[in-house]
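Below: one structure, written as structure tokens.
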Amino acid sequence: MKNPVDADRIRAAFKATQGIAEHSFEQHVIDASQADVNAMIERIASGESSFEEEDAVLMMKWRAMKALLDKDSYVIPK
């Protein structure tokens, strides 16, 4: 376990920012990702990982998805 953290404060902080997601994404996107988000919050709250580590993983996944999407949309010029 990493450094002890104030789990309740971390959970409350994420709950307070939930409204941002509600304004930025459609409900089906929020619903589909909620289990993963909750698991991430618990890993941070328990000290299993840090926000920075979780953010790095998300950015790595985003870059990989973006690269695949960019590759699929690439058209070879004539």
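The first residue in the sequence is number 1, and the count goes up from there.
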Next on the checklist: With rounding to the nearest 0.5 angstrom, report the CD1 to CZ distance, Ile44 to Phe14.
Outcome noted: 4.0 Å
Item to check | Point-to-point distance, once rounded to the nearest 0.5 Å, from CD of Glu48 to CD of Glu53 | outcome: 9.5 Å
Item to check | CG on Asp55 to OG on Ser49, rounded to 0.5 Å | outcome: 11.0 Å
Item to check | Partner residues of Lys66 under the salt bridge (charged side-chain N to carboxylate O under 4.0 Å, His left out) criterion, sequence neighbours left out | outcome: Asp70
Checklist entry - If you draw a 6.0 Å radius around CE in Met65, do more than 12 non-hydrogen atoms from other residues or ligands fall strictly inside? => result no
Checklist outcome for this item: The reported gap from CG in Asp31 to CD in Gln27 (rounded to nearest 0.5 angstrom) is 4.5 Å
Checklist entry - Hey, quick one: are Val37 and Val57 part of the same hydrophobic cluster, counting side-chain heavy atoms closer than 4.5 Å, chains of contacts allowed? => result no
Next on the checklist: Looking at every non-hydrogen atom in both residues, tell me the closest pair between Ala7 and Ala45 and how far apart they are.
Outcome noted: CB-O, 3.5 Å
Next on the checklist: The test is side chain to side chain contact (heavy atoms under 4.5 Å, CB included); show your working for Gln34 and Gln18 and say whether it passes.
Outcome noted: CA-CA 11 Å; Gln34 196 62 56; Gln18 188 172 6; 4.2 Å; yes
Item to check | OG on Ser50 to CD1 on Ile10, rounded to 0.5 Å | outcome: 10.0 Å
Checklist outcome for this item: Contacts of Arg11 meeting salt bridge (charged side-chain N to carboxylate O under 4.0 Å, His left out) (sequence neighbours excluded), chain-then-number -> Asp8, Glu42
Item to check | Transitive ILVMFWY side-chain link Leu58 to Ile41, under 4.5 Å | outcome: yes
